[in-house]
Structures are given as structure tokens and as C-alpha cells.
Student: 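First the structure, which I've put down as C-alpha cells, then a few questions once you've had a look.
First the proteins, then the strands, lettered A, B, ... as listed; each starts at 1.
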Protein chains: 2
Amino acid sequence: QSSFSEISPSEFFYRNRDLAGFSNPAKALYTATRELVENSLDACESTATLPKISVKIRYSEEERHEQDPRTYVITVQDNGNGIDPRQAPNAFGKVFYGSKYRLKQARGMFGMGGTMAILYGQITTSKPVTITTSTDGREFHTFRLLIDIQNNKPIILSRSTRRGVGSSGTSVEMLLHGDFFRASAKIRDYFRQTALVTPYAEITFIDPQGRLWYFPQTTKTVPKAPIETKPHPHGFDFEAMRRLLKQTDESSFPKLLMNEFHRVGKQTARNFLTFAKFDLRTDPRKISNEETVRLVDAMHQFDGFLPPDSNCLSPLGTEILKAGIVSELQPEFYSIAIRPPAAYSGYPFIVEVALAYGGKVIGEGVRLYRFANRVPLLYDEASDVAGQVVSELLDRRAYNIPREAPLAVITHVCSTKIPYKSVGKEFLAERPELEKELKNGLRETLRQLKSYLSRKGSIEAVQRR
Amino acid sequence: QSSFSEISPSEFFYRNRDLAGFSNPAKALYTATRELVENSLDACESTATLPKISVKIRYSEEERHEQDPRTYVITVQDNGNGIDPRQAPNAFGKVFYGSKYRLKQARGMFGMGGTMAILYGQITTSKPVTITTSTDGREFHTFRLLIDIQNNKPIILSRSTRRGVGSSGTSVEMLLHGDFFRASAKIRDYFRQTALVTPYAEITFIDPQGRLWYFPQTTKTVPKAPIETKPHPHGFDFEAMRRLLKQTDESSFPKLLMNEFHRVGKQTARNFLTFAKFDLRTDPRKISNEETVRLVDAMHQFDGFLPPDSNCLSPLGTEILKAGIVSELQPEFYSIAIRPPAAYSGYPFIVEVALAYGGKVIGEGVRLYRFANRVPLLYDEASDVAGQVVSELLDRRAYNIPREAPLAVITHVCSTKIPYKSVGKEFLAERPELEKELKNGLRETLRQLKSYLSRKGSIEAVQRR
Ligand SMILES: Nc1ncnc2c1ncn2[C@@H]1O[C@H](COP(=O)(O)OP(=O)(O)OP(=O)(O)O)[C@@H](O)[C@H]1O
Ligand SMILES: Nc1ncnc2c1ncn2[C@@H]1O[C@H](COP(=O)(O)OP(=O)(O)OP(=O)(O)O)[C@@H](O)[C@H]1O
Ligand SMILES: [Mg+2]
Ligand SMILES: [Mg+2]
């Protein structure tokens with residue numbers, strides 16, 4: 001007979017760490033770095049603070065091996081909002097624990113990235129992580145933690161508090177088995193591309209050879225902060241409705257819809273209830289299971305709901321895209337398309353596409369730079385919907401672009417929920433609505449390039465005569 | 001200040017069901033079907049029973065919509081080993097619960113596939129799943145279950161037992177929001193390809209229009225069953241060693257190594273301990289943390305361990321491959337390469353590659369059929385290491401194969417742990433050892449095709465004269 005067991009979330013990802021991006025020492029060093037940096041950027045932006053982030057990757061002193069793969073110490077420090085000391089052990093020592101389980105644009109969303117970095121470090125070096133954090137710049141709390149992997153909880157080896165004068169922020173220091181030789185190009189690309197879309201952040205990176213990579217703040221304007229939003233009726237399922245009706249004390253059906261859903265006004269609520277064949281005076285807390293089924297079905301079919309608006313989102317915008325393209329790519333021509341807001345399964349999103357052509361910096365051929373919620377995606381281009389759109393549209397020569405033309409394509413998607421296809425957050429799923437906006441954005445920018453090239457062609461023809 | 005929360009594993013995959021393959025009604029219908037069928041095949045093979053599996057997808061009677069997407073009832077029945085009634089509620093109602101958390105080749109590995117199908121059905125229809133199972137053919141237990149998603153546990157709505165005369169087995173019946181119109185081609189392909197590599201199984205599929213698709217048993221020989229194996233030292237990390245030393249009562253270090261690891265004999269154990277600078281009389285339960293670190297490091301560096309053997313694996317073999325290729329593809333030529341056993345991170349695996357060329361059935365161009373542990377993989381070819389190997393090697397024209405040549409490539413990987421890149425089990429990660437074996441297998445079969453084509457070319461040249 002089969003013998004059954006249950007495993008905890010940390011045990012699951014310990015056994016299947018490929019799923020989270022920790023497949024080998026080089027990739028693991030990259031993933032640990034990005035997960036910690038993205039936590040820091042989220043923490044700074046949550047209080048509209050200009051981010052100051054310093055990252056150091058150095059050899060471990062007690063290293064037995066002298067060549068890669070080997071033990072590294074990675075330290076990431078930020079001036080973000082810090083973590084409540086009562087929450088810090090769970091935030092870092094428990095998988096599926098975090099503050100980003102809300103309907104709001106952020107880099108983090110799964111509640112496990114930082115924890116997985118620490119877990120990987122622990123199983124490859126046996127060493128604990130050291131976290132220092134302050135929410136007020138006066139009390140600084142330091143924890144040394146291990147993860148009890150079988151039980152998905154932190155083990156606090158030591159904790160201390162000291163008073164000081166400084167700013168809020170967090171520093172995470174951990175050891176791990178990495179391969180900087182193989183990972184360094186990708187890690188440097190990650191920092192450069194992050195700096196491109198986050199020009200208001202100051203990022204310092206010191207590599208194992210002691211070299212300093214400095215990405216200064218090039219603007220003091222922080223983009224508007226994303227806002228938490230309510231769910232849209234089109235994305236609501238029975239489980240969500242069951243929970244809503246169970247915990248609400250609202251006895252007015254229209255009021256419930258207006259309070260709980262995104263952009264549902266009084267008239268819309270009434271029209272919808274009539275469409276769904278509910279008496280307007282029905283108490284929503286008292287409807288039966290069958291009626292709940294009818295309610296949710298009607299929600300998906302009713303076309304009178306306003307589409308999700310994107311005020312809750314914070315796209316890059318033309319300023320940042322222009323600045324990044326000009327400084328990094330120095331092209332002879334560029335075009336930018338900011339698509340109108342759209343939605344998939346009720347989640348609002350905005351697609352931004354930019355094209356940069358020619359100049360001395362961009363290499364021959366087509367190079368794609370993908371971003372999601374301001375995070376650079378450097379792996380699995382062929383699996384990403386953006387990669388598929390680019391190879392499909394650019395193969396068609398419909399735009400008369402020469403094969404070896406130096407061309408850079410930049411795509412950015414921002415949303416309250418990025419449709420990542422894996423917990424490693426490396427590529428996006430082929431959601432039809434997303435695919436459509438990427439295609440339209442790319443066509444828009446390609447048309448502008450095409451007319452530039454034909455103007456240029458005719459000008460050169462004239463000059464030759 | 002940030003507000004934190006913890007979510008359960010079922011809550012996590014409820015919110016992120018794209019990760020598990022439930023991104024839209026068509027894909028969800030496909031994924032639910034395959035997860036249930038793979039559970040049934042695993043259950044039959046675990047007792048070397050010739051599988052008899054019947055699948056029925058029909059419209060739900062109380063359906064309000066009359067076109068896709070709409071509610072379907074899916075029923076999967078098998079003659080497998082059944083499930084202990086004390087385990088059945090958790091097996092189906094809890095994520096990260098199952099009997100496949102061992103080092104043994106099987107289709108299932110995550111402990112969540114069947115549960116996710118039921119979860120998706122529940123949130124899209126509000127209906128419970130009905131499970132009937134018997135381990136002895138005499139007592140039949142029926143459960144109606146819902147999943148308490150927030151707490152990751154089953155809710156038993158009803159349970160009953162009846163006595164009867166029959167065989168062991170399990171039937172799962174559930175409702176879900178699906179799209180058979182869009183999914184039917186993929187679902188039929190799934191059954192056809194499953195039948196190809198499982199000719200000892202009888203599979204019956206009745207579709208919503210009432211059409212019967214019958215895949216008869218074409219052989220009574222069940223392939224040898226996979227065996228559970230011990231871990232190999234090269235894949236062992238500190239967490240695994242820490243746990244091993246903590247729970248063992250073995251006081252002899254060499255004995256511990258011989259008992260707990262794969263293919264470690266007395267001499268190897270002694271040679272290794274000497275290499276790792278341990279006294280042979282050391283009590284392994286008493287070593288310090290530092291010594292454990294030294295032990296694990298040495299394990300990874302010691303080259304005196306025998307490589308993993310593949311006796312625990314159950315590849316398809318030439319018989320099954322030949323039979324499937326001839327019956328399904330009727331090619332003018334085929335070649336088969338069974339690679340020698342290899343390993344990645346200490347996990348043994350065997351790669352089998354087959355090539356089928358020409359004939360009336362195979363269409364123009366190259367078509368790739370991928371399998372892992374006898375499961376057909378029908379999505380995300382571009383993301384799969386096999387897809388990448390095929391497009392890389394076949395682009396090179398090194399084998400003089402005409403562009404529109406009708407060519408089918410079949411790849412099968414069997415292992416104690418398939419390196420899936422996502423919990424949806426759709427594509428394999430680019431592990432270098434796996435990539436190498438796939439390339440060598442493909443080159444082997446391509447060389448045989450090339451010599452066939454040149455012999456054929458010279459024969460035709462002779463005939464023309
Ligand atoms: N540098 C930091 N400053 C402030 N809070 C932090 C920092 N790093 C982590 N946290 C807190 O710890 C929580 C857990 O982090 P973790 O990276 O494990 O998950 P996440 O960021 O929520 O989601 P994801 O898995 O997508 O990264 C975060 O939600 C955040 O509240
Ligand atoms: N038809 C069946 N017959 C016998 N046992 C079954 C059947 N279906 C499920 N089970 C049992 O229920 C457990 C959980 O199934 P589930 O599909 O959720 O996970 P899994 O098959 O172990 O892994 P995976 O997530 O990779 O599918 C299985 O491990 C198996 O023991
Ligand atoms: Mg994070
Ligand atoms: Mg399963």
C-alpha cells in the first residue's frame with residue numbers, strides 16, 4: 001500500500017528549487033541577488049523614498065575552494081521602510097509569508113523570493129542569515145536566522161537591539177554556493193537595466209574583485225506610487241464571492257457591489273442586479289449557493305461594467321524611457337508607444353514599447369529588453385510572450401528593416417498582477433490581451449521607424465545627386 | 001506600516017493557478033484531464049496491473065450557457081490500486097500531500113496535480129468532487145469533497161461505504177468551467193500519444209458529442225516497474241546530511257554511508273572517509289557542524305563514487321518505440337537511439353531518441369514529440385530543452401535533410417526526478433547533462449537517417465540509368 005506524507009511549502013521548494021530559479025550555482029547567485037534587490041526597491045518605493053541600495057558580493061574568508069563554484073557572501077542594504085521586528089523572522093524564514101498579497105503593483109508578489117535565497121544559502125553553506133532592520137532610524141534590530149525547512153518556520157539563533165541615529169532601512173547578509181565567473185555578465189546586465197528604468201535610484205555594486213559599479217541617481221522625481229485597488233467583477237470567481245458574502249455585514253446588495261468592486265457606481269450596481277434577476281432589496285448575506293452561482297455567472301456576462309482603470313498603476317512613462325534609451329543606447333532614431341490601459345481577467349495593465357535604431361552602441365541584429373513592474377527579465381526570452389511577439393512580427397520584413405539592422409526593442413508591462421509563468425519570475429504567460437497590446441505597441445513603433453528610414457532613404461538619395 | 005499575512009499552499013495556487021496550468025478554460029480542461037489520467041496510470045503501474053482507464057467529458061445537464069466556455073463533467077475511472085479511505089480526503093483535498101515524495105520514477109511528483117484540478121473545478125462551478133475508491137475490490141468508499149482553500153484541507157460533505165464484488169480502483173468525477181471546442185485537438189493528441197508509449201494500457205475516451213475514442217491494449221507485457229532508489233552522494237546537500245545524521249542510530253560511519261547511499265560499498269566508503277580526512281572509527285552522530293560541512297564538500301569532490309546506475313529506471317525500450325512509430329507514423333525509415341544511463345545532480349536518467357522519416361502519414365517539416373516518464377508534453381516546446389536541442393541541431397543542415405522533409409522526432413526522458421521548470425509539468429529545464437544526452441541521441445539517429453538517404457539516393461540514381 002502507498003505511504004502518504006504531507007510536506008511544508010519550504011520543503012516543497014527545497015526539493016524543487018529549480019522552480020524558483022536556483023538550478024545551479026551561477027543562476028542561484030543571480031536569483032538571490034535579484035530577489036534581495038527587488039525587495040529593497042519595493043521597500044523604498046512603498047514610502048516614496050529615493051532608493052539608495054548597496055550590494056556587495058565578496059569571497060568568503062574561510063573558503064576552501066579557490067575557483068568557481070565557491071562560497072560567496074552577499075550583502076544588500078537599503079534605506080527602505082524597514083521591517084517590524086515582530087515580523088522580520090517570518091518575513092525571511094517562512095515561505096508564503098509577506099506583505100504583498102494585495103491587489104497593488106509591486107515587484108514582489110509570491111511571498112517567497114527572499115526566503116528562497118536564504119534557504120538556498122543555508123542548504124549549500126549551513127550558515128545563518130544576518131538581518132538588520134529599522135523602521136524609525138532609532139532602534140536597530142539584528143537577527144541571525146536559520147530556516148526550519150521541514151516545518152516552514154524561522155529559527156532565531158540570536159537577536160539584539162541597539163539604539164542609534166540613522167534612517168530606516170534593512171540589510172541582509174548571507175552566504176551561498178555561487179559561481180560569479182559564470183553569473184557576472186548577467187548580474188551586471190541586471191544592474192544596468194534596473195538603473196535604466198529606475199533612474200531615481202542610486203545603486204552601488206561591489207563585485208568579488210573589489211570593483212565598484214556605480215549607478216547614480218539621474219533624477220530626483222519619484223514616479224507616482226502605485227495604489228491598492230479593488231477587484232474587478234470580471235475576474236471574480238465563486239470562491240472569492242463565497243468568502244465575500246460570508247464575511248460581509250452589508251445588508252444592501254447594491255452597496256456591497258459599490259464598496260467591494262472596482263468602479264461600480266449606484267446605477268451600474270442596480271442595472272447589474274436587474275440583469276442577474278435579483279430583487280434590489282435582496283440581502284446578499286442570505287442568498288443560496290445556487291443564487292451565488294447565478295450571481296457570479298452574471299458578473300462575467302454583464303457588459304455594463306466599466307473596464308478597469310489604470311490609475312492604480314505606475315508605468316515608466318516617456319520621460320524615463322527616453323532618458324534610458326538616450327543614455328544607454330545612443331541611437332540614431334527611437335520611437336515610443338504607450339498603449340492605452342487594458343485588462344486580463346479583470347487585472348488592469350499598461351504595455352509600453354520602445355524601439356531604438358542605429359547609432360554606434362547598438363549591435364547588429366535585434367536585441368530585446370523585457371521588463372515587468374520595473375524588473376528586468378534576463379532569462380527565457382523564447383518562452384516569454386514578449387519574445388514570441390517580437391520574433392513573430394520582426395520576421396515578416398513588412399517594415400523593410402534590413403536583417404542586420406542594429407535594433408533594440410524594449411517592452412515594459414505594469415499590472416496589479418504580472419502573469420508570470422513560473423515562481424522564478426523570468427517570463428510572462430501568453431495571455432491573449434497582453435499579446436495583443438504588445439503586438440500593437442510594436443507595430444506602432446515599427447511604423448514610425450519605417451517612415452524614418454524611408455525619409456532618410458529619400459534624403460540620402462537626394463544628397464547623392 | 002506594511003501588513004503581513006501567511007497564505008496556505010492551496011491559497012497560493014488558487015491565486016496563481018497559471019503556474020499549475022489552469023490559465024484559461026481550454027487549458028484548464030486539458031490540464032485537469034491529464035492530471036487525473038496520469039494519477040490513474042501511476043496507480044495501475046504501481047501494482048504492475050494492465051491499466052484500464054476510461055475518461056468521459058460531457059456537458060453538464062444544468063448548463064446555462066450553450067457554447068464554449070461552459071460547464072463540463074469529467075469522469076476518470078481506473079483499475080489501479082485504489083486509495084486507503086483514511087487517506088483519500090487528504091490525497092485529493094490538500095496541496096502538497098501524496099505518496100510520490102520518494103526517489104522513484106513516476107508521472108506524479110509534486111503532490112498537487114489532482115488537487116489542483118479539483119480546486120479549479122470548485123472555484124469555477126462551486127460543485128464538490130465525487131471520489132469512489134476500493135483497495136480490495138470488496139469495500140467501495142465514496143466521498144463528496146470540497147476543499148477548504150484558505151486552510152488547505154478537505155471538507156467531507158458525505159461519505160459512504162458499500163460492499164461489492166469487483167476490482168480495486170478509483171473513479172473521480174468533477175465539474176469545471178472548460179472549453180472543449182478549443183481544447184479537443186490537444187486532448188485527443190494527449191490520448192493518442194499516451195497510447196503510443198503505453199501500449200499495454202487500454203484507454204477509452206468519450207467526448208461531449210458522445211463519440212468514443214478507443215485505444216486498445218496492443219501488448220500484454222507490462223514494462224518492468226521502476227524501483228525506489230537511494231540518494232547519490234553527488235546530489236546530497238547540507239540540509240539532507242544534517243537530517244540524516246540527526247535521525248540515524250548508526251554508530252559506524254562506513255556502515256552509514258553504505259546503507260544510506262546509492263552504490264556505496266565498504267571499500268568506497270572507507271576510501272571516501274579517508275579522502276575527507278575522517279578517522280574511520282568516528283561516530284557520525286557526534287560530528288560537529290564544521291565537520292558536516294567538510295563531509296558534504298568532500299562528497300561533491302570525491303571522484304571515487306560509482307555513477308548512479310539506472311536499474312531503478314524503466315525506459316520505453318526499442319520494442320515500444322518501434323511499435324508506436326510503425327503504427328502511428330508508418331514511416332519509410334526510422335532510427336532509434338537509447339543513450340547510456342547518465343545523471344544530473346546525482347539523479348539517474350536515460351534519454352531515448354527516435355527519428356521517423358517519410359511515408360504518407362508524417363506531414364512536411366519537422367514535428368517534435370516530447371515525453372518525460374511516459375507522459376506526453378504538448379505545450380511550450382520552445383521553452384523545453386528538447387525543443388531547443390532539436391531546433392539547434394536541425395537548423396544546421398549538416399545532415400543534408402531537405403527543408404520540407406517529412407520528419408518526426410521523438411524524445412523520451414525517464415528519471416527518478418524529472419527537471420520540470422514549472423509545476424504545470426509542461427517543459428524541462430536546460431540541465432547541461434540532459435542537453436548533452438539529447439544532442440548525442442539526436443546526432444546518432446540523424447547519422448543513421450543520413451546514410452539511409454544517401455544509400456537511397458544512389459539506388460535511385462542507379463535505377464534512373
Ligand atoms: N529589504 C526589505 N525591506 C522591507 N521589507 C522587506 C525587505 N525584504 C523583504 N521584506 C518584507 O518581507 C516580505 C517577504 O519577502 P519575500 O521576498 O520572501 O516575498 P515578497 O517580496 O513578498 O514576494 P516575492 O516572492 O514575489 O519576492 C516582503 O513582502 C516584505 O514585506
Ligand atoms: N487514481 C488514483 N488511484 C490511486 N491513488 C491516487 C489516484 N489519484 C491520486 N492518488 C493518490 O493521491 C495522491 C495525490 O495526487 P496528486 O495528483 O494531487 O499528486 P501526485 O500525483 O502525488 O503529484 P503531482 O502533483 O505531480 O500529480 C497521489 O500521490 C496518489 O497517492
Ligand atoms: Mg521578494
Ligand atoms: Mg498527480
Student: For the atom pair CG (L175(A)) and OG1 (T71(A)), what is the distance rounded to the nearest 0.5 Å?
Tutor: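 Spacing of CG (L175(A)) from OG1 (T71(A)) equals 6.5 Å.
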Student: Heavy atoms only, distances under 4.5 angstrom: which of E11(B), Q122(B), R243(B) has the most pairs with chain A? Name it, please.
Tutor: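 Looking at each option in turn, the highest pair count goes to R243(B).
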Student: With only heavy atoms counted, which part of A43(B) is less than 4.5 Å from chain A, the side chain, the backbone, both or neither?
Tutor: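 When you check distances to chain A, no heavy atom of A43(B) falls under 4.5 Å.
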Student: So, N151(B) and D148(B): side-chain donor and acceptor under 3.5 Å apart, yes or no?
Tutor: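 Side chains of N151(B) and D148(B): pair found under 3.5 Å.
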Student: Measuring heavy-atom distances to chain A, does K100(B) have an atom under 4.5 Å in its side chain, in its backbone, in both, or in neither?
Tutor: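 When you check distances to chain A, no heavy atom of K100(B) falls under 4.5 Å.
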Student: Tell me which of these, I149(A), N81(A), D84(A), has more heavy-atom pairs under 4.5 Å with chain B than the rest.
Tutor: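 Most heavy-atom pairs under 4.5 Å with chain B: I149(A).
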Student: Which of the residues Y14(B), Y97(B), F4(B) is involved in the greatest number of heavy-atom pairs with chain A at under 4.5 angstrom?
Tutor: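 Heavy-atom pairs under 4.5 Å are most numerous for F4(B).
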Student: Heavy-atom pairs under 4.5 Å with chain A: which of P419(B), S2(B), S3(B), S383(B) has the most?
Tutor: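 Between P419(B), S2(B), S3(B), S383(B), the count favours S3(B).
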Student: Checking F302(B) against D297(B) for the side chain to side chain contact (heavy atoms under 4.5 Å, CB included) test, could you report, in this order, the C-alpha distance in whole Å, the side-chain angles of both residues, the deciding distance, and whether it holds?
Tutor: CA-CA 9 Å; F302(B) 182 66; D297(B) 272 347; over 6 Å; no
Student: Are S134(B) and D136(B) close enough that a side-chain donor and a side-chain acceptor fall under 3.5 Å?
Tutor: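 On atom types as modelled, these side chains qualify, holding a pair under 3.5 Å.
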Student: Can you tell me which portion of T125(B) sits under 4.5 Å from chain A's heavy atoms? Options are side chain, backbone, both or neither.
Tutor: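 Backbone of T125(B) only, per the 4.5 Å heavy-atom cut-off to chain A.
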Student: Would you mind checking which part of E426(A) comes under 4.5 Å of any heavy atom in chain B, side chain (CB onward), backbone (N, CA, C, O), both or neither?
Tutor: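 Neither part, no heavy atoms under 4.5 Å.
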Student: Is chain A contacted by the side chain of Y420(B), its backbone, both, or neither, given a heavy-atom distance below 4.5 Å?
Tutor: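 Y420(B) touches chain A through backbone heavy atoms alone.
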Student: Which bit of S46(A) is near chain B, if near means a heavy-atom gap under 4.5 Å: side chain, backbone, both or neither?
Tutor: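 Answer is neither: S46(A) stays 4.5 Å or more from chain B.
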Student: Check whether D380(B) gets within reach of chain A through its side chain, its backbone, both or neither, counting any heavy atom under 4.5 Å.
Tutor: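 Answer is side chain: those atoms of D380(B) sit under 4.5 Å from chain A.
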Student: Given a strict heavy-atom distance threshold of 4.5 Å, which part of V296(B) is in contact with chain A: side chain, backbone, both, or neither?
Tutor: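 Interface part for V296(B): neither.
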Student: Looking only at side chains, do S10(B) and N152(B) share a donor and an acceptor under 3.5 Å apart?
Tutor: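 Note: S10(B) and N152(B) side chains meet the donor-acceptor criterion.
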Student: So, are R182(A) and D68(A) salt-bridged, with charged N and O less than 4.0 Å apart?
Tutor: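 Salt bridge between R182(A) and D68(A), a charged N being under 4.0 Å from a carboxylate O: no.
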Student: Ring-plane angle category for F96(A) and F13(A), please: parallel below 30°, perpendicular beyond 60°, tilted otherwise.
Tutor: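 Plane angle over 60°, so perpendicular.
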Student: Is a salt bridge present between E435(A) and R431(A), judged by a nitrogen-to-oxygen distance below 4.0 Å?
Tutor: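 Result for this pair is no, no salt bridge flagged.
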Student: Heavy-atom distance under 4.5 Å to chain A: side chain of I83(B), backbone, both or neither?
Tutor: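 Side chain only.
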Student: For R86(B), is it the side chain, the backbone, both, or neither that has a heavy atom closer than 4.5 Å to a heavy atom of chain A?
Tutor: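 Answer is neither: R86(B) stays 4.5 Å or more from chain A.
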Student: Using a 4.5 angstrom heavy-atom cutoff, name the option from A382(B), A429(B), G98(B) with the most pairs to chain A.
Tutor: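 Heavy-atom pair counts peak at G98(B).
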Student: At a 4.5 Å cut-off on heavy atoms, which part of M241(B) comes close to chain A: side chain, backbone, both, or neither?
Tutor: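 Nothing of M241(B), per the 4.5 Å heavy-atom cut-off to chain A.
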Student: So does D179(A) pair up with R70(A), basic N to acidic O under 4.0 Å?
Tutor: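 No, no charged N to carboxylate O under 4.0 Å.
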Student: Counting heavy-atom pairs under 4.5 Å with chain A, which one of Q388(B), E430(B), M112(B), R15(B) comes out on top?
Tutor: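 Of the candidates given, the most pairs with chain A belong to R15(B).
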Student: Is chain A contacted by the side chain of F12(B), its backbone, both, or neither, given a heavy-atom distance below 4.5 Å?
Tutor: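 For F12(B), the contact with chain A is made by the side chain alone.
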Student: Let's test your reading of the structure: which of G21(B), G387(B), S422(B), S126(B) forms the most heavy-atom pairs below 4.5 Å with chain A?
Tutor: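 Going by pairs under 4.5 Å, I would pick S126(B).
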Student: Under the 6.0 Å and 45° cation-pi test, does K27(B) pair with Y379(B)?
Tutor: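 Pair K27(B)/Y379(B) counts as cation-pi.
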Student: Do L103(A) and Y347(A) have side chains that approach each other closer than 4.5 Å (heavy atoms only, starting at C-beta)?
Tutor: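 With C-beta onward as the side chain, the pair touches.
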Student: Name the region of K94(B), side chain, backbone, both or neither, that has any atom closer than 4.5 Å to a heavy atom of chain A.
Tutor: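 Contact with chain A is through the side chain of K94(B) alone.
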Student: State, to 0.1 Å, how close R242(A) and Q150(B) come at their nearest heavy-atom pair, and which atoms those are.
Tutor: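 Heavy atoms only, the tightest pair is NH2-OE1, 4.2 Å.
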